[in-house]
> 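Got a structure for you, written out below as structure tokens; questions coming shortly.
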Amino acid sequence: MEGFNMGHRQNQNDQQHLQKCIVIDSDQVRKLLTESILIHHLQSSISNDTIKCPQRQNLCINDNTNRNAPPGQLLVMPAWSQSSATPYIGVKLVTAFPHNTHMGLPGINASYLLSDSFTGSPLAFIDGTEMTHWRTSCISALSASYLARQDPHVLAMVGAGQLAPYLIRAHLSVRPSLKRVIIWNRTPSKAQALVEKLRVGLGSVEIVCGGDDLDAIIGSADVISCATSSESPLIHGAFVKPGTHLDLVGSFAPSMRECDDETLAKARVFVDCEAALKEAGELVGAFCRGLLRPEDVVGTLAELARGSKGGRSRAEEITVFKSVGSAIVDLVTAQLIYEKHLQSSCQ
């Protein structure tokens, strides 16, 4: 693992049985991780077949008994392994309340509990929101390393929420040829605010606000990353040019949809995990309408990492990566954060 000595594993396992549960907040997560270290770790860990991961529970908080209560969802994502390489149990709790954005609050919040899988003892309580931003963006970047052209120049970021800056930095880390980033949001002022925030720290990369014409932005982009809670398509296949790679992050329920059927029909489609075939609104809808079959999905990110499925095969082909989130990725990300925290504490 880049930047991390796995030879400390036994000492760390010994420490797990001795120390109290620690709290790793968002600032500590940012200090412990870099995009390159996490992407490398995910690449080597994503196909770990010792990790057990049941399908996550997606629970509706508002059951319509209280008309004044806002709609919300609770997602429960457990995973565990008893291998010597990954001796952990992890559970992430995610709350999704889209109306929060109207109050200036995050729409999605998460917490993560990491425990010892041989004793059940809690080891760490990690800021799940920060961890999710890192793991989601780095999974997108890892997929782009297989599916995007080697020489893209323009990245379109659709959505200017909490995840957007993480996605931009992660994509730039695997495709340094990207020299122009166009940010679009339904509320232009939010896109402009993100532009101003990112202009510091991204070197010679040009960061601009895309304005109102999303179709024109889509047509100019070589890589498109979309992170929204949209329930109607924002990306229309008619405007996606040959050779484009699309990274669809936002939808995690059948009612949500970021691209239209034409986009999928024109593309080679990959997913982060099998759950996407049941949860991603773009795919579920296309299956129901008979426009796409589950077997038309080329493969998963784990298959790309193992080399059992090939990535981009032609410069002009369109590729789509659809992610809904995986508890396996959460567990191995939490592992990296926790073990790097132990290593830094010993120095």
Side-chain angles (χ1 to χ4, degrees), residues 21 24 29 33 38-39 41-61 73-83 85-96 108-118 120-143 163 166 170 227 248-254 256 270-281 283-284 297 299-306 321-340:
C21 183
I24 304 176
V29 172
L33 295 180
L38 181 52
I39 290 168
H41 178 61
L42 293 173
Q43 185 175 35
S44 62
S45 306
I46 192 73
S47 56
N48 185 340
D49 57 8
T50 71
I51 300 176
K52 308 301 180 184
C53 173
Q55 186 170 350
R56 68 184 175 192
Q57 291 183 283
N58 191 338
L59 308 172
C60 182
I61 299 302
Q73 291 172 288
L74 170 65
L75 285 74
V76 184
M77 303 175 65
W80 63 89
S81 171
Q82 290 190 312
S83 74
T86 320
Y88 302 109
I89 301 169
V91 180
K92 185 167 76 172
L93 299 178
V94 183
T95 57
I108 295 179
N109 291 281
S111 57
Y112 198 88
L113 176 64
L114 186 71
S115 301
D116 187 309
S117 63
F118 288 90
S121 301
L123 300 172
F125 188 76
I126 303 171
D127 186 301
T129 304
E130 186 70 23
M131 189 187 85
T132 299
H133 291 158
W134 278 88
R135 74 93 153 116
T136 303
S137 60
C138 287
I139 281 292
S140 288
L142 177 58
S143 71
L163 186 55
Y166 295 83
L248 304 178
V249 174
S251 74
F252 55 85
M256 304 171 76
F270 295 80
V271 295
D272 62 335
C273 59
E274 295 291 340
L277 303 181
K278 298 178 180 179
E279 297 178 359
L283 297 178
V284 173
V297 175
T300 66
L301 183 55
E303 290 173 319
L304 285 171
R306 283 196 297 265
F321 178 70
K322 175 58 209 158
S323 64
V324 295
S326 163
I328 293 176
V329 176
D330 286 327
L331 185 64
V332 297
T333 302
Q335 171 196 15
L336 178 64
I337 293 169
Y338 174 68
E339 293 180 2
K340 282 185 66 65

> Is any side-chain heavy atom of Y112 closer than 4.5 Å to one of L331?
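Yes, close enough: below the 4.5 Å cut-off.
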> Counting distance only, does the side-chain N/O of D272 pair as donor-acceptor with the main-chain N or O of G325 below 3.5 Å?
yes
> For C53 and A327, which heavy atoms make the closest approach, and how far apart are they?
SG-CB, 3.6 Å
> Any chance the side chains of E130 and Y166 put a donor and an acceptor closer than 3.5 Å?
yes
> If you compare all heavy atoms of K322 against all heavy atoms of V324, which two are closest, and at what distance to 0.1 Å?
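That would be CE-CG1, 4.0 Å.
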> Over all heavy atoms of both residues, which pair between S137 and A170 is shortest? Give the atoms and the distance, please.
O-CB, 3.4 Å
> At what distance, to the nearest 0.5 angstrom, does CZ of R135 lie from CG of L33?
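The CZ atom of R135 sits 13.0 Å away from the CG atom of L33.
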> Can you find a pair of side-chain heavy atoms, one from V271 and one from L283, that are under 4.5 Å apart?
yes
> Hey, are the side chains of L93 and V76 touching, using non-hydrogen atoms and a 4.5 Å cut-off?
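Yes, at least one pair of side-chain atoms sits under 4.5 Å.
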> Before giving the answer on side-chain contact (heavy atoms from CB on, under 4.5 Å), spell out for I328 and C273 the whole-Å C-alpha distance, their side-chain angles and the decisive distance to 0.1 Å.
CA-CA 9 Å; I328 293 176; C273 59; over 6 Å; no
> Just by distance, with hydrogens left out, do N48 and S81 show a side-chain donor and acceptor under 3.5 Å apart?
no
> If you measure from CD1 on I46 to OG on S143, what distance do you get to the nearest 0.5 Å?
10.5 Å
> Please examine the side chains of N58 and E279, heavy atoms only from C-beta on, and report whether any two atoms are closer than 4.5 Å.
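Heavy-atom side-chain distance check fails, nothing below 4.5 Å.
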> Would you give the length of the straight line joining atom NZ of K52 to atom OG of S117, rounded to the nearest 0.5 angstrom?
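One gets 12.0 Å once the value is rounded to the nearest 0.5 Å.
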> Identify the two heavy atoms, one from Y338 and one from A124, that lie closest to each other, and give their separation to 0.1 Å.
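That would be CD1-CB, 3.8 Å.
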> Please check if the side chain of E303 supplies one atom and the backbone of F270 the other of a donor-acceptor pair under 3.5 Å.
no
> State, yes or no, whether a side-chain contact exists between F321 and L301 at a heavy-atom distance under 4.5 Å.
yes
> Tell me, do L75 and F252 make a side-chain contact under 4.5 Å, heavy atoms counted?
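They are in side-chain contact.
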> Where do A110 and V94 come nearest, in terms of heavy atoms and distance?
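Residues A110 and V94, closest heavy atoms: CB-CG2, 4.0 Å.
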> May I ask you to test the P78-I89 pair for a side-chain heavy-atom distance under 4.5 Å?
no
> Side-chain contact test, heavy atoms from C-beta onward, threshold under 4.5 Å: evaluate it for H41 versus C138 and give yes or no.
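When only atoms from C-beta onward are counted, C138 and H41 do not touch, as no gap falls below 4.5 Å.
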> Enter the distance from H133:NE2 to I108:CD1 here, rounded to the nearest 0.5 Å.
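Nearest 0.5 Å value for the NE2-CD1 distance: 7.5 Å.
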> To the nearest 0.5 Å, what is the distance between CD (Q73) and CD1 (I61)?
8.5 Å
> State, to 0.1 Å, how close P122 and L113 come at their nearest heavy-atom pair, and which atoms those are.
CB-CD1, 4.1 Å
> How many angstroms lie between atom CE of M131 and atom CD1 of I24, to the nearest 0.5 angstrom?
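Going from CE on M131 over to CD1 on I24, the span is 10.5 Å.
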